[in-house]
Visitor: 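One structure, as structure tokens, below. Some questions next.
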Amino acid sequence: MRYLRSPSANLLVMRRARRDAGNTRNVQRGDSLEETLDMMAEELAASNGSLCAIFRVSREFGETEDVRGCVTRCLNELLRITGAEWFLLRQHHASDNTLRLVSSSLSIEDAPPEAHLLPFDTDAAPNVETQAAAGGRDVWFDHSTEPELLGPLRVLFGDTLSGIACPLQVPGRLVGVLCIGGRDPAARLPARDLRVIRSFTDFLSIQISHSEARHEALSLGMLQREIAIAAQVQRSLLPRSLPELPGFTCSAVLRPALLVGGDFYDFVKLEDKGTLLVIADVMGKGPAAALFAIIFRS
């Protein structure tokens, strides 16, 4: 192989020597066929192992609320299948635009504070994790990668690293970033392992996204129950019946601007001085205004 450079163009010349025809060619074909079959068998075994692991962990996701534990067990299975030595998973939080450590082959509790959170904005220093998240593509790293780009990973796993950073995505949204690899800076994961890793990242993207949606639905349900209680409290402040006043006809209706508010009305009978009509318009809406109305009414 020769690489020729010139002012006008660059040229790469690659040559491969051919052996004599005859029996040698038949042997080469036989060896090539055997190697191909062996490679296919290995890929089928890896695919079967990854599918079994995904099915097993998928059942766990549906039976427990310990999402972080299921994710860690799933990634440990990935280490076993691929032969990688370590992994690190960060989840994207849109509220403050950060990537937060949620699972690792090392103990998260022992990780230094600077390794727990990565800012994900234009002002932050770039690294392989934020590059994979921003570009939506896999980012390889090894001995030729600039040390600054491996800063957060080197804090946890040391200076000699090689591997890949894979984004976790669902349509229209970033879920997180998975980094997985070994401690040999000159080694790369084979193509077979890369396909398995991508299968696992797609699976985890869906599971984590569903877990977030389920958590939001539960939170929304709790909020709706609290609002219903506040609305019931608000109705309890209103008089059950209207007084009969000589020369007057009384009627009343209350419609909150939202599901619940702080406005209320009441009729207070004064000794030998008639009846006091009270109409309160509390500034602000929602449960806080309703609680303020309760205090004021009491």
Side-chain angles (χ1 to χ4, degrees), residues 66-170 173-190 193-194 196-205 207-209 211-212:
D66 183 17
V67 177
R68 179 174 295 186
C70 287
V71 168
T72 301
R73 286 189 290 274
C74 183
L75 292 175
N76 281 323
E77 287 284 349
L78 181 58
L79 289 188
R80 182 184 62 82
I81 294 172
T82 61
E85 299 179 83
W86 58 267
F87 69 82
L88 176 73
L89 176 66
R90 296 187 190 274
Q91 189 172 349
H92 179 241
H93 289 254
S95 57
D96 56 359
N97 201 23
T98 57
L99 294 169
R100 299 183 184 178
L101 178 62
V102 295
S103 182
S104 173
S105 52
L106 299 178
S107 175
I108 295 180
E109 289 73 16
D110 297 337
E114 61 270 20
H116 280 264
L117 186 143
L118 287 182
F120 184 45
D121 52 49
T122 56
D123 297 332
N127 56 72
V128 293
E129 296 176 82
T130 56
Q131 286 179 345
R137 58 180 176 81
D138 299 338
V139 176
W140 291 92
F141 52 89
D142 52 25
H143 64 284
S144 63
T145 305
E146 297 180 6
E148 293 77 11
L149 297 178
L150 297 176
L153 296 177
R154 295 173 66 190
V155 170
L156 291 173
F157 303 107
D159 296 334
T160 55
L161 295 174
S162 65
I164 187 173
C166 303
L168 276 67
Q169 303 174 97
V170 293
R173 190 168 71 86
L174 173 68
V175 177
V177 177
L178 170 67
C179 291
I180 184 169
R183 300 185 184 278
D184 184 354
R188 271 206 172 195
L189 295 169
D193 290 346
L194 181 58
V196 174
I197 291 172
R198 284 173 175 162
S199 298
F200 271 74
T201 55
D202 291 342
F203 169 74
L204 288 176
S205 299
Q207 293 297 333
I208 294 175
S209 178
S211 173
E212 292 176 344

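Remember, predicted model here, so these are calculated numbers, not experimental data.
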Visitor: About how many Å separate CZ of F203 and CG of L78, when rounded to the nearest 0.5 Å?
Guide: 11.5 Å

Visitor: Quick one: salt bridge (charged side-chain N to carboxylate O under 4.0 Å, His left out) partners of R68, sequence neighbours excluded?
Guide: none

Visitor: Which heavy atom of V170 sits nearest a heavy atom of S205, and at what distance?
Guide: CG1-O, 3.7 Å

Visitor: Pair up each side-chain donor or acceptor in residues 149-159 with any protein partner under 3.5 Å, not counting sequence neighbours, and list the distances.
Guide:
| residue | atom | partner | partner atom | Å |
| --- | --- | --- | --- | --- |
| R154 | NE | D159 | OD1 | 3.1 |
| R154 | NH2 | D159 | OD1 | 3.1 |

Visitor: Roughly how far, to the nearest 0.5 Å, is the CG atom of L118 from the CZ atom of R100?
Guide: 11.5 Å

Visitor: Which value, rounded to the nearest 0.5 Å, describes the distance between C179 atom SG and R90 atom CZ?
Guide: 7.5 Å

Visitor: If you round to the nearest 0.5 Å, how far is CD1 of I180 from OG of S162?
Guide: 11.0 Å

Visitor: Short question: side chain of S105, backbone of F87 - any donor-acceptor pair under 3.5 Å?
Guide: yes

Visitor: Could you tell me whether a side-chain N or O of Q91 sits under 3.5 Å from a main-chain N or O of V102, the two making a donor and an acceptor?
Guide: no

Visitor: Could you walk me through whether L89 and L168 pass side chain to side chain contact (heavy atoms under 4.5 Å, CB included), step by step?
Guide: CA-CA 9 Å; L89 176 66; L168 276 67; 3.9 Å; yes

Visitor: So L204 and V175, do their side chains get closer than 4.5 Å, heavy atoms only?
Guide: no

Visitor: Can you see which heavy atom on P185 is nearest to which on T160, and at what distance?
Guide: CD-CB, 4.0 Å

Visitor: Test side chain to side chain contact (heavy atoms under 4.5 Å, CB included) on V139 and V177; report intermediate values, then the result.
Guide: CA-CA 11 Å; V139 176; V177 177; over 6 Å; no

Visitor: To the nearest 0.5 Å, tell me how far R188 CZ sits from D193 CG.
Guide: 13.5 Å

Visitor: Within a strict 4.5 Å, meaning less than it, do heavy atoms of the H92 and N97 side chains meet?
Guide: yes

Visitor: Can you name the nearest heavy-atom pair linking S144 to D142, along with the distance?
Guide: OG-OD1, 2.6 Å

Visitor: Show the numbers, then the answer: is there a side chain to side chain contact (heavy atoms under 4.5 Å, CB included) between S209 and R173?
Guide: CA-CA 9 Å; S209 178; R173 190 168 71 86; 3.1 Å; yes

Visitor: Nearest 0.5 Å please: distance from the CG atom of L178 over to the CG atom of L88.
Guide: 8.0 Å

Visitor: Is the shortest side-chain heavy-atom distance between T98 and F120 below 4.5 Å?
Guide: no

Visitor: Heavy atoms, side chains only, cut-off 4.5 Å: are D138 and P167 in contact?
Guide: yes

Visitor: Determine whether L189 and L194 satisfy the following criterion, side chain to side chain contact (heavy atoms under 4.5 Å, CB included), listing intermediate values before the conclusion.
Guide: CA-CA 7 Å; L189 295 169; L194 181 58; 5.6 Å; no

